[in-house]
Every structure is written in structure tokens, then in C-alpha cells.
Engineer: 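Got a structure here, written out as C-alpha cells. Questions coming.
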2 protein chains.
Amino acid sequence: MKSSRIPRATIQRLASYVQILETLSQEGEKVISSEGLARACGVNPSQIRKDLAYFGEFGVRGVGYYVQDLLTAIKQSLGIDRVWNVAMVGVGNLGRALLRHKILRKRGFMLVGAFDCDPFKIGEEVAGLEVYSSKRLQEMAGELNVEIGIITTPPKRAQRAANYLVEAGVKGIVNFAPVRIDVPENIAVEYVDFIHHLFSVAFNISLNLSKGLI
Amino acid sequence: MKSSRIPRATIQRLASYVQILETLSQEGEKVISSEGLARACGVNPSQIRKDLAYFGEFGVRGVGYYVQDLLTAIKQSLGIDRVWNVAMVGVGNLGRALLRHKILRKRGFMLVGAFDCDPFKIGEEVAGLEVYSSKRLQEMAGELNVEIGIITTPPKRAQRAANYLVEAGVKGIVNFAPVRIDVPENIAVEYVDFIHHLFSVAFNISLNLSKGLI
DNA sequence: TATAGATTGTTAAAAATTTCACGTAACACA
DNA sequence: TGTGTTACGTGAAATTTTTAACAATCTATA
Ligand SMILES: NC(=O)c1ccc[n+]([C@@H]2O[C@H](COP(=O)([O-])OP(=O)(O)OC[C@H]3O[C@@H](n4cnc5c(N)ncnc54)[C@H](O)[C@@H]3O)[C@@H](O)[C@H]2O)c1
Ligand SMILES: NC(=O)c1ccc[n+]([C@@H]2O[C@H](COP(=O)([O-])OP(=O)(O)OC[C@H]3O[C@@H](n4cnc5c(N)ncnc54)[C@H](O)[C@@H]3O)[C@@H](O)[C@H]2O)c1
């Protein structure tokens with residue numbers, strides 16, 4: 001097939017294939033079938049084959065997919081076969097948790113700058129990074145070659161943080177504050193909101209209760 | 001319309017309507033149209049009307065939706081018109097960030113227990129909660145009347161944490177560890193994975209680059 | 001080299017979701 | 001009370017996404 005518009009859901013699933021393939025790879029598995037992969041991430045095998053078909057032909061008929069090759073192929077397709085420089089705006093509870101977490105680095109997202117507006121936080125060191133004043137974002141982002149911004153400020157400050165980041169020339173933003181932000185069209189934005197998941201669980205429990213399943 | 005099977009995507013959107021309605025309510029807005037709400041959360045107005053139609057008729061033709069009434073109606077529909085007792089397993093970086101964050105409480109998710117297996121952490125106090133040994137989960141969960149569990153352990157420990165939670169009688173789980181967990185059918189599970197969003201942004205930036213938009 | 005068995009890539013069908021379009025109801029105001 | 005305007009609720013159309021089915025093709029083995 002190749003190209004055409006790629007469903008957002010496909011991208012999400014590809015990301016989970018990566019997670020699973022990384023694990024398989026660590027466990028020394030050499031080959032995996034679409035059925036095996038499907039079981040591991042709870043989707044339909046055809047779905048997987050179709051998702052992959054958007055990007056190319058990575059499997060071997062009668063055999064399956066070579067774990068390493070597929071991993072490489074998907075990463076390339078997603079554009080994560082390289083290191084992305086990331087800056088974080090808002091070094092509070094959540095910001096710190098993210099900075100300290102090694103998974104970002106392991107997946108190729110290098111935190112190169114941390115910014116906050118709180119004078120008590122500026123100058124502090126978190127996970128080996130000095131916290132800078134957000135006023136210096138624009139000046140430093142160029143220097144640090146920042147491409148992606150992560151917003152972990154309170155919701156009311158998210159738009160301002162986004163403005164700083166856009167001025168600083170980032171090309172994409174992941175926003176953890178539960179508000180929509182306004183940015184130019186050609187900036188890629190993703191919203192993360194945990195609360196949604198709690199709502200979902202609460203809803204499903206209520207549903208199960210009303211169906212008498214519990 | 002009312003009832004029939006409700007799309008997962010609808011639930012997600014309802015959650016974001018709640019966020020926006022809370023803000024509107026705080027700002028003193030009394031009425032909002034499907035179009036206004038649609039603009040605020042970046043979807044189609046019909047979509048909103050259809051989403052709401054699954055649960056009932058909450059609007060007034062020619063007028064719109066009364067913010068407070070709609071908020072109440074959606075919360076009731078989602079089953080978040082009450083307080084849910086939540087326990088957290090794994091009090092590391094992320095667990096702490098969640099415990100300290102007030103939004104959970106504000107949205108009706110009351111953290112009533114925090115559990116960890118690290119002897120250095122047991123007995124510590126985080127956000128007014130004592131950290132207990134995860135061995136005591138089952139014993140205490142009944143006492144605390146825990147209904148939802150949040151897993152914030154390392155991936156390798158997530159299944160064990162899930163087992164504890166299920167034995168302890170929780171009815172739903174939000175899993176922040178990037179692995180699937182195996183639980184009985186009637187337990188509602190939601191997965192949270194930030195990395196997906198970073199992947200998405202990276203992909204979209206790559207796409208924009210290749211389309212010459214940047 | 002032929003054959004059996006396995007699993008992909010792809011097309012077609014089915015299902016789900018989103019958008020459109022319009023009848024209908026509520027309000028404001030003359 | 002009548003009329004114009006607005007915006008909901010909903011059935012039908014359009015679109016998107018998922019699933020099923022199968023021909024193509026690879027490996028192994030005799
Ligand atoms: N902590 C969580 O688990 C959690 C969960 C869901 C959502 N969130 C969201 O993530 C965001 C951060 O949460 P948190 O718990 O870390 O809050 P926090 O208050 O601990 O941290 C916010 C940080 O942002 C800084 N800040 C404020 N305005 C700024 C600006 N203009 N420029 C730079 N820095 C600025 C503050 O100084 C502070 O350090 C919030 O929007 C919150 O709703 C957090
Ligand atoms: N920190 C982040 O921003 C972030 C981002 C994405 C995903 N995650 C995921 O969230 C999880 C937690 O991340 P973290 O950064 O907080 O890790 P962490 O190592 O800081 O914390 C993990 C905690 O779990 C505890 N634990 C281990 N096994 C346990 C068990 N069986 N029962 C109870 N407690 C147990 C550990 O003692 C530790 O306190 C990980 O799975 C991680 O991949 C975290």
C-alpha cells in the first residue's frame with residue numbers, strides 16, 4: 001500500500017508495537033508473527049498488518065517479522081530513529097517526575113533544557129539539568145537546538161509557555177496541562193490528560209455495576 | 001436516542017467537555033451552545049450533540065446548554081457525580097507527583113491509600129498519606145473501601161501490583177506502567193502512556209518536514 | 001525440485017464513527 | 001398572540017476504521 005493519510009490510531013498502535021518489540025528484543029526473541037504481536041497488545045492481527053502496510057513491507061511471508069528489523073523499520077517510519085532535543089517548561093511535581101525518568105532518554109527524547117519562572121527553582125539542578133528562567137527560553141532554545149517542548153505548567157500558564165516555545169522555534173509540543181493551546185498550524189501538538197483515564201474507569205465500573213457484572 | 005453501546009471516543013470527549021465546562025462555570029458563564037463548546041475543544045458541533053444524545057436531552061432548543069446543568073448531567077452520566085476511593089501502588093517519582101496533585105481530589109478521586117514494597121519508603125508520609133507495605137494492600141483495601149487502583153510501579157512489577165489490587169477487590173485499574181496486565185473481565189482497565197504522545201509529535205514533525213511545511 | 005505448511009500483503013466487506021441537513025422546540029419581542 | 005431567530009436532537013449520508021478472506025510467497029524437507 002504505502003503512504004496515503006495515516007490514521008491517528010495507527011500511530012498510537014505503532015507506538016505500542018515499539019514498546020512490545022523492545023521487550024521481545026531484550027528477551028532475545030528473533031521472530032514474531034502478526035498473531036503473536038496482536039496477542040501481546042490486544043488487537044487484531046489484520047490490524048497490525050494493515051498498520052505496517054502504510055509504511056512498507058517489513059515481514060517475510062510464511063515466517064513473520066524479524067524483531068530487530070521491524071523495530072528499526074517502525075522507528076524509521078515514526079521518525080524516532082534519531083535523537084530529538086526536548087525542553088521542559090514548568091519544573092513542578094510532574095515536570096520533575098518526567099525529568100528524572102530514564103524512559104524518555106531511552107526512547108530518544110533528550111531533555112536538554114528545563115525552564116521555570118519560580119525564582120526559587122531557577123538555578124536548582126534536577127536530573128543533571130540546571131533549571132533556567134523561562135525568560136531565557138528563546139535565547140537558549142536556539143543554542144540547545146530544541147525541537148520539541150513539553151509543557152508542565154499550571155493550566156493558566158500553558159498558553160504563555162506555548163508562546164515562549166513557539167517563539168523559541170520548537171516544531172512540536174506535548175501539553176500536560178488540561179487546556180487547549182493556540183499555536184500556528186505547522187506546530188504539532190499533543191495533549192496528555194490522565195484524568196480522562198480515571199473518568200473512563202469510573203464510567204466502566206458504573207456500567208459494570210449496572211449490568212450486574214460486579 | 002439514549003443508551004445503546006457508547007463509543008469509547010465519546011467517553012473521552014465527555015471528559016474534555018467536563019474540563020471545559022468547569023472552566024466556563026468558574027468564569028461565571030451561564031449558557032453555552034454546542035458550537036461554542038465545539039470551538040473550545042476542537043471538535044464538530046454535531047459530534048457534541050450526538051455524544052450527549054447517548055445519555056439524554058440536556059439542552060434547550062434555541063438557547064443552548066445551561067453550563068451547570070450540563071456539567072451535572074455529564075458527571076452523572078459518567079458516574080463521577082460522587083467520590084471514588086483510590087489506592088496507589090508504587091510511590092516513586094510519578095506516584096508522588098500524582099499524590100501531591102490536587103486535581104485528582106478536585107475531580108472526586110480520593111487517594112485513600114499509598115503502597116510500596118521499598119522498606120525505605122514504607123512509613124514515609126506523602127501528601128498527608130502514610131505509605132504502607134504493599135503486603136498490607138489486601139488487608140487495608142477492604143477497610144479503606146478502595147474501588148480503583150493506580151499502578152505506578154516499574155513495568156516488571158505491574159502484573160504483581162495488579163494481582164494485589166484485584167485480590168483486594170478493586171473494580172478498576174489505571175495502569176501507568178507501559179505493559180499490558182492480565183485481570184478478570186469484569187475489572188475495568190485503562191492504560192496511560194505518555195511516550196505515545198512524544199512519538200506522535202515526532203512523527204507529525206517529520207511529516208511536516210517532509211511536506212515542506214517547516 | 002516438488003510439496004506441504006505457514007504467514008504475509010492486499011482487496012473487499014463489514015462495522016463504527018463522524019458529519020450533514022433539517023424538522024422541531026424554545027425564546028424574545030413586537 | 002404571532003413571528004422571526006436560534007440552536008437542539010436525530011435520521012440519513014459520508015467517511016473512516018476494523019475485520020475477514022485469500023492469493024502470493026517464503027521456508028523446510030523429502
Ligand atoms: N502532577 C500530576 O500528576 C498531574 C496530573 C495531571 C495533570 N497535571 C498537570 O500538569 C501540570 C503541572 O502539574 P504539577 O503537579 O507539576 O504542578 P506544579 O504546580 O507542581 O508545577 C508547575 C510548575 O510550573 C511553573 N510555572 C508556572 N508558570 C510558569 C511559566 N509561565 N513558565 C515556566 N514555568 C512556570 C511553576 O513555577 C511550577 O514549578 C498542571 O497543568 C497539571 O494540571 C499534573
Ligand atoms: N516518571 C514518569 O514521568 C513516567 C513517565 C512514563 C511512564 N512512567 C511509568 O510509571 C512507572 C513508575 O515510574 P517512576 O518514575 O515513578 O518509577 P520509580 O522507580 O521512581 O518508582 C517506582 C516505585 O514502585 C515501587 N515498587 C516496585 N515494585 C513494587 C511492588 N511490587 N509493589 C509496590 N510498589 C512497588 C518502587 O519501590 C518505587 O518506589 C513506571 O512503570 C514508568 O515506566 C513514568
Side-chain angles (χ1 to χ4, degrees), chain A residues 1-17 20-21 24 29-74 77 196 200 203, chain B residues 1-17 20-21 24 29-74 77 196 200 203:
Chain A
M1 189 198 274
K2 206 131 197 202
S3 81
S4 87
R5 227 200 84 265
I6 289 147
R8 173 188 198 66
T10 290
I11 301 301
Q12 276 223 352
R13 281 190 299 267
L14 285 174
S16 68
Y17 305 160
I20 288 159
L21 289 168
L24 287 172
E29 298 289 334
K30 293 276 175 272
V31 179
I32 182 90
S33 66
S34 59
E35 196 177 324
L37 196 51
R39 235 195 322 274
C41 54
V43 306
N44 185 298
S46 310
Q47 182 87 83
I48 291 182
R49 299 202 294 274
K50 166 117 328 163
D51 284 342
L52 296 175
Y54 284 111
F55 297 97
E57 303 187 8
F58 308 129
V60 182
R61 295 177 192 210
V63 178
Y65 300 91
Y66 292 104
V67 172
Q68 268 314 316
D69 293 357
L70 184 56
L71 199 45
T72 305
I74 298 183
S77 305
H196 286 194
S200 271
F203 172 70
Chain B
M1 192 196 272
K2 207 131 199 205
S3 78
S4 85
R5 226 200 85 266
I6 290 146
R8 175 188 197 66
T10 291
I11 302 300
Q12 277 222 352
R13 281 189 300 266
L14 286 174
S16 69
Y17 305 159
I20 288 159
L21 289 167
L24 287 172
E29 298 289 335
K30 293 276 175 271
V31 180
I32 182 90
S33 66
S34 59
E35 195 176 325
L37 196 50
R39 233 195 324 275
C41 55
V43 306
N44 184 298
S46 316
Q47 181 87 83
I48 291 183
R49 299 202 294 276
K50 178 132 294 189
D51 283 342
L52 296 175
Y54 283 111
F55 296 98
E57 302 187 10
F58 308 129
V60 183
R61 294 178 193 210
V63 179
Y65 301 90
Y66 291 103
V67 173
Q68 269 313 316
D69 293 357
L70 184 56
L71 199 44
T72 305
I74 298 182
S77 306
H196 286 195
S200 271
F203 172 70

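Keep in mind it's a predicted model, so treat the numbers as computed, not measured. Every chain is numbered from 1, with letters handed out A, B, ... down the list of sequences.
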Engineer: Using a cut-off of under 3.5 Å, enumerate the N/O to N/O pairs linking the protein to nucleotides 26-30 of chain C.
Structural biologist:
| residue | atom | partner | partner atom | Å |
| --- | --- | --- | --- | --- |
| C:dA26 | O4' | B:Arg61 | O | 3.3 |

Engineer: Could you check how far CD of A:Glu57 sits from P of D:dT25, rounded to whole Å?
Structural biologist: 10 Å
Engineer: For B:Phe58 and B:Leu52, work out which heavy atoms get closest and say how close.
Structural biologist: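 Heavy-atom minimum between the residues: CE1-O, 3.8 Å.
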Engineer: How many Å lie between CZ on B:Arg39 and C1' on D:dA7, as a whole number?
Structural biologist: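 In whole Å, D:dA7 C1' lies 13 Å from B:Arg39 CZ.
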Engineer: Tell me the interatomic distance from A:Lys30, atom NZ, to D:dT27, atom C1', rounded to whole angstroms.
Structural biologist: 19 Å
Engineer: Check nucleotides 15-20 of chain C for protein N or O atoms closer than 3.5 Å to its own N or O atoms and list the pairs.
Structural biologist:
| residue | atom | partner | partner atom | Å |
| --- | --- | --- | --- | --- |
| C:dT18 | OP1 | B:Arg13 | NH1 | 3.0 |
| C:dT18 | OP2 | B:Arg13 | NH2 | 2.9 |
| C:dT18 | OP2 | B:Gln47 | NE2 | 3.3 |
| C:dT18 | O5' | B:Gln47 | OE1 | 3.4 |
| C:dT19 | OP2 | B:Gln47 | OE1 | 3.4 |
| C:dT19 | O4 | B:Lys50 | NZ | 3.4 |
| C:dC20 | OP2 | B:Asn44 | ND2 | 3.4 |

Engineer: Which nucleotide in the set C:dT8, D:dA7, D:dG9 lies at the smallest distance from any side-chain heavy atom of B:Ser33?
Structural biologist: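 It is D:dA7.
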Engineer: Report the distance from atom CZ of B:Phe58 to atom P of D:dG9, rounded to the nearest whole Å.
Structural biologist: 9 Å
Engineer: Please report the C-alpha distance between A:Arg49 and A:Tyr65 in whole Å, then the side-chain angles of each, then the deciding distance to 0.1 Å, and finally whether the side-chain contact (heavy atoms from CB on, under 4.5 Å) criterion is met.
Structural biologist: CA-CA 10 Å; A:Arg49 299 202 294 274; A:Tyr65 300 91; 3.7 Å; yes
Engineer: Are any non-hydrogen side-chain atoms of B:Leu14 and A:Phe203 less than 4.5 angstrom apart?
Structural biologist: no
Engineer: May I have the list of side-chain donor-acceptor pairs in residues 39-46 of chain B shorter than 3.5 Å, sequence neighbours left out?
Structural biologist:
| residue | atom | partner | partner atom | Å |
| --- | --- | --- | --- | --- |
| B:Asn44 | OD1 | B:Ser46 | N | 2.7 |
| B:Asn44 | OD1 | B:Ser46 | OG | 3.1 |

Engineer: Does any non-hydrogen side-chain atom of A:Tyr17 lie less than 4.5 Å from one of A:Leu70?
Structural biologist: no
Engineer: Walk me through whether B:Leu24 and B:Leu21 qualify under side-chain contact (heavy atoms from CB on, under 4.5 Å).
Structural biologist: CA-CA 5 Å; B:Leu24 287 172; B:Leu21 289 167; 4.2 Å; yes
Engineer: If only side-chain N and O atoms of A:Ser34 are considered, is one of them under 4.0 Å from the OP1 or OP2 phosphate oxygen of C:dT7?
Structural biologist: no
Engineer: Write down the atom of A:Val31, the atom of A:Val63, and the distance for their closest heavy-atom approach.
Structural biologist: CG1-O, 3.8 Å
Engineer: Minimum heavy-atom separation for B:Gln47 and B:Arg13, please, with both atom names.
Structural biologist: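 Distance-wise, the nearest heavy atoms are NE2-NH2, 3.1 Å.
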